[in-house]
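Each ligand, and each atom within it, is numbered from 1 in the order the structure gives. Source: prediction; values computed, not measured.
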Amino acid sequence: MSDRKIQVCEPFLNGNEEKYVMDAVSTGWISSSGSYVTRFEDTFAEYCGVKHGIAVCNGTVAIHLALTALGIGKGDEVIIPSFTMIATAFAVCYLGATPVFVDADKDTWNIDVTKIEEKITPKTKAIIPVHIFGNPCDMDPIVEIAKKHNLFIVEDAAEAHGATYKGRKVGSFSDIASFSFFANKNITTGEGGMCVTDDDQYDTLCRYYKNMCFDPKGPRNYLHNDIGYNYRMSNIHAAIGLAQTEKADEYKKMRMHNHDLYKKYLSDVEGVIFQKDEEESENVAWMNTIIIDPERYGRNKDELVSHLKENGIDTRLLFKSMSRQPSLQKYGCDCSGDYPVTDYLSDNGFYLPSASNLSEDDISMICDIIRNYRR
Ligand SMILES: Cc1ncc(COP(=O)(O)O)c(C=O)c1O
């Protein structure tokens with residue numbers, strides 16, 4: 001047993017974060033009115049290759065705001081992967097709409113594009129592809145299906161800052177895309193999120209709804225024509241976000257390098273399975289996730305997770321299927337189908353430490369523990 005502790009994912013803040021935050025504080029611009037908000041929005045949107053960025057207070061509300069701006073509401077159905085973080089489903093429920101689940105692809109762990117069309121009904125209004133763990137979804141067929149059935153696309157890119165599909169950044173394939181900047185994300189503001197879009201009208205609508213539906217035209221008359229939200233991001237958070245975005249490519253390289261190292265050091269360990277990257281895409285490896293095949297590894301993932309913990313290595317379990325969520329069952333979602341790939345992933349997988357600044361020695365040590373524990 002070792003004294004050394006390695007956390008699953010600490011934030012990495014090695015740029016202008018402190019300088020910008022101190023500037024925001026010393027000038028008194030700490031609310032959402034400061035200039036860092038606009039600078040962060042513009043810089044991040046440009047990084048994604050889209051026109052507009054709308055900063056909000058977390059990634060969950062970014063999805064809700066996107067769906068709100070697209071007019072999704074009661075009685076509508078929205079297709080989401082069964083293998084995702086609960087926020088994707090909750091954002092749909094906030095609107096009185098119904099999330100409809102599609103199982104994951106067994107290799108890429110993203111939504112299985114071959115199973116989307118069978119879930120489309122006359123009530124379907126949108127698809128939310130989620131770029132799981134930083135691995136871009138196969139967007140060409142998703143865009144094609146959406147066009148054919150006249151559906152909106154909202155990419156949930158919470159985990160995939162800077163990831164590319166066929167040379168284009170994720171976030172640029174949809175009507176509106178959402179990002180999270182939670183502390184463990186490749187780019188963080190502590191808590192935070194953003195909608196990005198190329199469409200001027202959606203930009204206006206997102207800004208309108210995120211700021212209590214104040215009349216955007218005139219002086220504040222305190223008359224509100226629609227139900228709005230306070231989803232604003234503070235200037236302090238945006239100051240961190242701007243500094244992080246300045247280093248986005250550097251952080252992305254670090255995460256991708258660590259991912260390659262994990263794959264290299266574990267390549268000889270039978271029964272350890274990695275996510276397959278889509279053709280012509282860049283997986284930015286938000287989390288280094290492995291699946292343990294108990295037959296071939298000789299132990300199950302729970303045994304390995306406990307063993308790693310005894311050795312000071314922090315890990316996290318994977319999402320449970322949306323179809324198994326008591327909250328969504330109570331809400332009235334159809335949870336009756338089978339989602340075998342999602343169940344397989346949640347039963348057998350977990351995240352390894354994934355911080356951007358993890359050292360090669362740390363990764364090699366973690367992989368040795370995994371290798372030596374195999375039976
Ligand atoms: C796929 C996905 N969507 C949405 C979210 C929600 O983001 P936040 O925690 O910032 O609300 C997360 C958070 O990790 C996520 O992984």
Does one side chain, of Q244 or Y20, offer a donor that lies under 3.5 Å from an acceptor on the other? no
Report the member of A157, A158, A91, A62 with the shortest heavy-atom distance to atom 2 (C) of ligand 1. A158
Salt bridge check, D260 against K263: does any charged N sit closer than 4.0 Å to a carboxylate O? no
Below 4.0 angstrom, N of the basic side chain to O of the carboxylate: do K276 and D105 qualify? no
Considering only protein heavy atoms, which is closest to [atom], and at what distance to one decimal place?
atom                    : answer
atom 9 (O) of ligand 1  : S180 OG, 4.1 Å
atom 3 (N) of ligand 1  : D156 OD2, 2.8 Å
atom 12 (C) of ligand 1 : M85 SD, 3.6 Å
atom 16 (O) of ligand 1 : E159 OE2, 2.6 Å
atom 13 (C) of ligand 1 : K185 NZ, 3.4 Å

Give a yes/no on ligand 1: does E191 have at least one heavy atom closer than 4.0 angstrom to it? no
Below the 3.5 angstrom mark, is there an N/O of [X], backbone or side chain, next to an N/O of ligand 1?
X    : value
W286 : no
G59  : yes
T60  : yes

Between F319 and F133, how do the two ring planes meet: parallel, tilted or perpendicular, split at 30° and 60°? parallel
Just say parallel, tilted or perpendicular for the rings of Y94 and F90, cut-offs at 30° and 60°. tilted
Which other residues end up in the same hydrophobic cluster as M256, if Ile, Leu, Val, Met, Phe, Trp and Tyr are linked when side-chain heavy atoms come under 4.5 Å apart? V284
Hydrophobic cluster partners of I142 (side-chain heavy atoms under 4.5 Å): I79, V100, V102, I111, V113, I116, I120, I127, M139, V143, I145, L151, I153, Y165, F173
Has K169 got its NZ or CZ under 6.0 Å from the middle of the six-membered ring of Y47, at an angle within 45 degrees of the ring axis? yes
Give the atoms of ligand 1, by number and element, whose distance to some non-hydrogen atom of V130 is under 4.0 Å. 1 (C)
Ligand 1 atoms nearer than 4.0 angstrom to some heavy atom of A87 are 4 (C), 5 (C), 6 (C)
